[in-house]
Protein chains: 2
Amino acid sequence: MKPEASGDVMTIREMCEAYDVTPRTLRFYEAKALLAPIRIGTRRLFTRRDRARLTLILRGKRFGFSLDDIRETLDLYDRDGSDAAQRDRACELARKRLAEMEAQRAELDQAIAELKEALAHAADEGQAPQRAA
Amino acid sequence: MKPEASGDVMTIREMCEAYDVTPRTLRFYEAKALLAPIRIGTRRLFTRRDRARLTLILRGKRFGFSLDDIRETLDLYDRDGSDAAQRDRACELARKRLAEMEAQRAELDQAIAELKEALAHAADEGQAPQRAA
DNA sequence: CGTTACACTGACGTGAACGTCAACGGCTCT
DNA sequence: AGAGCCGTTGACGTTCACGTCAGTGTAACG
């Protein structure tokens, strides 16, 4: 009898299937302090928090951030009641990240526009080259 | 007497300073067929085309694409009058890339929104924690 | 003509992000 | 108790994207 999701935690297998990653990857992320699953003896149980973080990790990777960058950014989300100085530095870093991401968004928009234009030109050359010659 | 930009080409040094990359990187990109500078004997002269491509390479990297991915995408821009079948495949790939990039932009927007919200919450906790306790 | 300065070509080294493999531990079904 | 199964821990291998270093070439300057 398996409760299938006893108390909102997931085994490593369930995680792998849910997020399409390998066990090795999850262990690697834990070793890098990106995830912190509950340890029952040696085994791992991944919580809601781990899943939220994994989502952000995979997203960050697609944006070209390194795992170290991602960890720093991740830690911004759950550092609630630390001391004020540390929180200030966190906010500082968050604003920096935000600026980076918005710059990246601008570049991405430009890249999309350029690619669209290139496609349009390709369509021109594909449709009307017989008309002139 | 150096013409400084004789005929719109640039030496490897000029390129390095202009784009903040190392010579090794430019040679590596040439070996990977991402760039194709003019070769005077063994020396390289980078054209306008090389510079346009380098801009796109560096941008692609920031989006998390591999150099191989980038080369494929790059080649879409200057394959003018090949045969029709090849052009069709290029357009297909371009549309695929375009879809990827738009998906990435959507994710990026979401990530930005979430980070903004996290920052707003952090500001809440930083401003009014004395009021309740 | 020697020296300086930059450029080139291999060849090997490196860090990040995993993959792979071996050996072991602990359930659980029978 | 034995046989499957995960799951875990090292340890080593791999790929990508370069860095670094040695040796060579060559154009220019004094």
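First the proteins, then the strands, lettered A, B, ... as listed; each starts at 1.
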When rounded to the nearest 0.5 Å, the distance separating OH of A:Y19 from CD1 of A:I57 is 10.0 Å

- If only side-chain N and O atoms of B:T22 are considered, is one of them under 4.0 Å from the OP1 or OP2 phosphate oxygen of D:dG19? yes

Among the nucleotides D:dA17, C:dC8, C:dA17, whichever has the atom closest to the side chain of B:K61 is D:dA17

In whole angstroms, the gap separating C1' of D:dT8 from CD1 of A:I40 amounts to 14 Å

Of the candidates C:dC6, C:dC18, D:dT9, the side chain of A:Y29 sits closest to C:dC18

Discussion item. Assess whether a salt bridge exists between B:D109 and B:R105, defined as any Lys/Arg side-chain N lying under 4.0 Å from an Asp/Glu carboxylate O.
Written reply: no

The nucleotide from D:dG19, D:dG7, C:dA7 with an atom nearest the side chain of B:T11 is C:dA7

Residues at least two apart in sequence or cross-chain that pass side chain to side chain donor-acceptor pair (under 3.5 Å) with B:T55, listed by chain then number, are none

| task | Ignoring backbone atoms, establish whether B:T25 has a side-chain N or O less than 4.0 Å from OP1 or OP2 of D:dG19. | result | yes

A:L26 atom CG is separated from D:dC6 atom P, nearest whole Å, by 17 Å

Applying a 4.0 Å non-hydrogen cut-off, can you work out what A:R27 is touching in the nucleic acid: base, sugar-phosphate, or nothing? base

note: B:L54, atom CG; D:dA17, atom P; distance rounded to Å ~ 15 Å

Paired with B:R53, the side chain to side chain contact (heavy atoms under 4.5 Å, CB included) test is passed by just one of B:D75, B:T47, B:I70, B:L58, namely B:D75

To the nearest angstrom, the CG-P distance between B:D69 and D:dT15 comes to 17 Å

Rounded to whole Å, CD of B:E14 lies from C1' of C:dA7 at a distance of 13 Å

B:F28 has its side chain closest, among D:dC6, C:dA17, D:dA17, to D:dA17

Considering only heavy side-chain atoms of B:R13, the closest of C:dA7, C:dA17, D:dG19 is C:dA7

Mind listing the N/O atom pairs, protein and nucleotides 21-28 of chain D, below 3.5 Å?
residue	atom	partner	partner atom	Å
D:dG25	N2	B:R43	NH2	3.3

**Asked** Cut-off 3.5 Å, side chains only: do A:E114 and A:Q110 have a donor facing an acceptor?
**Response** yes

So do the side chains of A:D50 and A:L26 get within less than 4.5 Å of each other, counting heavy atoms only?
no

Whole-Å distance, A:I57 CD1 to C:dA16 P, equals 17 Å

Taking C:dC18, C:dC8, D:dG7 as options, the one with an atom nearest any side-chain atom of A:L67 is C:dC18

A:R62 atom CZ is separated from C:dA17 atom C1', nearest whole Å, by 16 Å

One should read off an interatomic distance between A:R44 CZ and A:E30 CD, to the nearest 0.5 angstrom, of 4.5 Å

When rounded to whole Å, the CE to P distance for the pair A:M10 and D:dG7 reads 12 Å

